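Note that the coordinates shown come from a computational prediction; the quantities given were computed from them, not determined experimentally. Numbers for residues simply follow the sequence, beginning at 1.
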Amino acid sequence: MAIKSSIHATIPPLSPRLFPLSKSCGLWVDQIPPVQQSSRYGNTSYRTWHERLTENVESLMLRFLPDDLKPSTVEIIPYFTERFGNSSRIDYGTGHETNFAAWLYCLARMGIIKEEDYHAVVARVFVKYLELMKKLQLIYWLEPAGSHGVWGLDDYHFLPFIFGSSQLIDHKYMKPKSIHNDDILDNFSSEYMYLSCIQFVKKVKKGPFAEHSPLLNDISGVPNWNKVNTGMLKMYKAEVLEKVPIMQHFLFGWLIKW
């Protein structure tokens, strides 16, 4: 049967200047292998990787900023570096992910990302960021920051479940319960962000899905994707944007005001 077009189909072009950012950061991972250590989480090579990021971040920003906006680096660089996690604690969580959204929002405020780019920002830029973060998590075993354990939506991410459920709204064949069908995950996880996230969870966690991811398992019983997406948005507001332990570290300036 025919399946609705993938997330990469019919996407308007987006300035290619944003794409080398994740590529450069990904190459550094290949150049900085994890060290042998007794503890599983928090490989100290991540600090070396993050140090290289910090050393190069200004030049990365200046690649795509026009001359009149180059002074904005003082504000957007912290959002960019924080989006990859904390180098002292060697952890990553939804607060860091929110910094990536803030960085994109700043680019939109400055006119670098335009409204016609929004679809491509999610389908291309955010997807590349998500791929890089999965690589960092697996190579350096970043500690999940502020994890709720099995009662969290995911150890690290929230936004891809929002974007992914939105992508599947009104899909003729794919339903929330489809995440339990391994054939669907194998064939369509590369096309649908939500399925990709579920497949990654199943890859890194052992045991029955209902036991290691009870919240995602419960959500699969919701009748349609529209309700899933609405619930995800409410949950993100309550569990991330309104959580003091997360937002107490968030920065404000002239682009994102208090």
Side-chain angles (χ1 to χ4, degrees), residues 20-63 72-107 125-126 128-160 197 200-201 204-205 236 239-256 258:
L21 301 182
S22 291
K23 184 178 180 180
S24 297
C25 297
L27 289 174
W28 298 338
V29 180
D30 299 330
Q31 297 165 5
I32 305 172
V35 297
Q36 295 294 322
Q37 61 183 44
S38 57
S39 60
R40 179 187 182 189
Y41 281 104
N43 194 281
T44 54
S45 285
Y46 171 76
R47 289 177 177 151
T48 305
W49 179 89
H50 202 279
E51 183 179 356
R52 186 174 297 186
L53 168 70
T54 304
E55 291 170 351
N56 289 275
V57 65
E58 185 172 9
S59 63
L60 290 174
M61 296 299 101
L62 294 178
R63 287 182 188 180
S72 67
T73 54
V74 68
E75 186 164 347
I76 66 173
I77 282 177
Y79 294 129
F80 186 83
T81 54
E82 190 70 12
R83 74 181 190 160
F84 293 109
N86 185 279
S87 60
S88 297
R89 299 187 301 270
I90 314 183
D91 67 1
Y92 175 88
T94 53
H96 302 108
E97 182 188 64
T98 300
N99 275 272
F100 179 56
W103 179 72
L104 292 174
Y105 175 76
C106 288
L107 299 188
V125 179
F126 183 79
K128 287 296 182 184
Y129 164 69
L130 191 59
E131 290 173 356
L132 176 56
M133 287 316 308
K134 289 177 180 178
K135 187 174 185 178
L136 290 171
Q137 290 154 19
L138 291 175
I139 297 296
Y140 300 129
W141 281 103
L142 305 184
E143 187 84 28
S147 173
H148 294 290
V150 298
W151 293 108
L153 183 67
D154 180 79
D155 283 346
Y156 299 104
H157 294 285
F158 204 122
L159 289 177
C197 291
F200 185 72
V201 168
V204 299
K205 293 189 175 184
Y236 185 72
E239 296 297 325
V240 180
L241 299 182
E242 294 181 350
K243 286 292 184 182
V244 173
I246 294 176
M247 297 311 294
Q248 67 180 344
H249 304 293
F250 198 80
L251 300 176
F252 296 92
W254 71 275
L255 287 167
I256 301 180
W258 174 259

Hey, does Glu51 have a side-chain heavy atom less than 4.5 Å from the side chain of Thr54? no
Shortest non-hydrogen contact between Leu142 and Leu136, atoms and distance: CG-O, 3.9 Å
I'd like to know whether Lys205 forms a side chain to side chain contact (heavy atoms under 4.5 Å, CB included) with Asp155, so could you lay out the CA-CA distance, the side-chain angles of the two residues, the decisive distance to 0.1 Å, and finally the verdict. CA-CA 10 Å; Lys205 293 189 175 184; Asp155 283 346; 3.3 Å; yes
Nearest-0.5 Å distance that lies between atom CG in Leu251 and atom CG in Asn99: 7.0 Å
With sequence neighbours excluded, tell me which residues meet side-chain hydrogen bond (donor to acceptor under 3.5 Å, both in side chains) with Gln31. Arg52
Do the side chain of Asp91 and the main chain of Gly85 share a donor and acceptor less than 3.5 angstrom apart? no
Is there side-chain contact between Lys243 and Glu239, with heavy atoms separated by less than 4.5 Å? yes
For the residue pair Tyr92 and Tyr156, does the interplanar ring angle fall in the parallel (under 30°), tilted (30 to 60°) or perpendicular (over 60°) class? tilted
Please answer whether the main-chain N or O of Cys106 pairs with a side-chain N or O of Tyr79 as donor and acceptor at a distance below 3.5 Å. no
Between the CZ atom in Arg83 and the CH2 atom in Trp103, the distance rounded to the nearest 0.5 Å is 5.0 Å
Rounded to the nearest 0.5 Å, how far does NE2 of His157 lie from CZ of Phe100? 11.0 Å
Here the gap from Met61 atom CE to Ile76 atom CD1, rounded to the nearest 0.5 Å, amounts to 5.5 Å
Ile90 CD1 to Trp49 CH2 distance, which is reported to the nearest 0.5 Å: 12.5 Å
Who passes ring-ring contact (aromatic ring centres under 6.0 Å, His included) against Trp254, sequence neighbours left out? none
Residues in side-chain hydrogen bond (donor to acceptor under 3.5 Å, both in side chains) contact with Ser88, at least two apart in sequence or another chain: none
Taking the side chain as C-beta and beyond, is there a heavy-atom pair between Phe126 and Glu97 under 4.5 Å? yes
Within the structure provided, determine whether Ile256 and Phe250 are in side-chain contact (heavy-atom separation under 4.5 Å). yes
List the steps, then state whether side chain to side chain contact (heavy atoms under 4.5 Å, CB included) holds for Phe200 with Cys197. CA-CA 5 Å; Phe200 185 72; Cys197 291; 5.7 Å; no
Quick one: do the Tyr236 and Thr98 side chains pair a donor with an acceptor below 3.5 Å? yes
Can you find a heavy atom in the side chain of Met133 that is under 4.5 Å from one in the side chain of Pro160? no
Enter the distance from Asn86:CG to Glu143:CD here, rounded to the nearest 0.5 Å. 12.0 Å
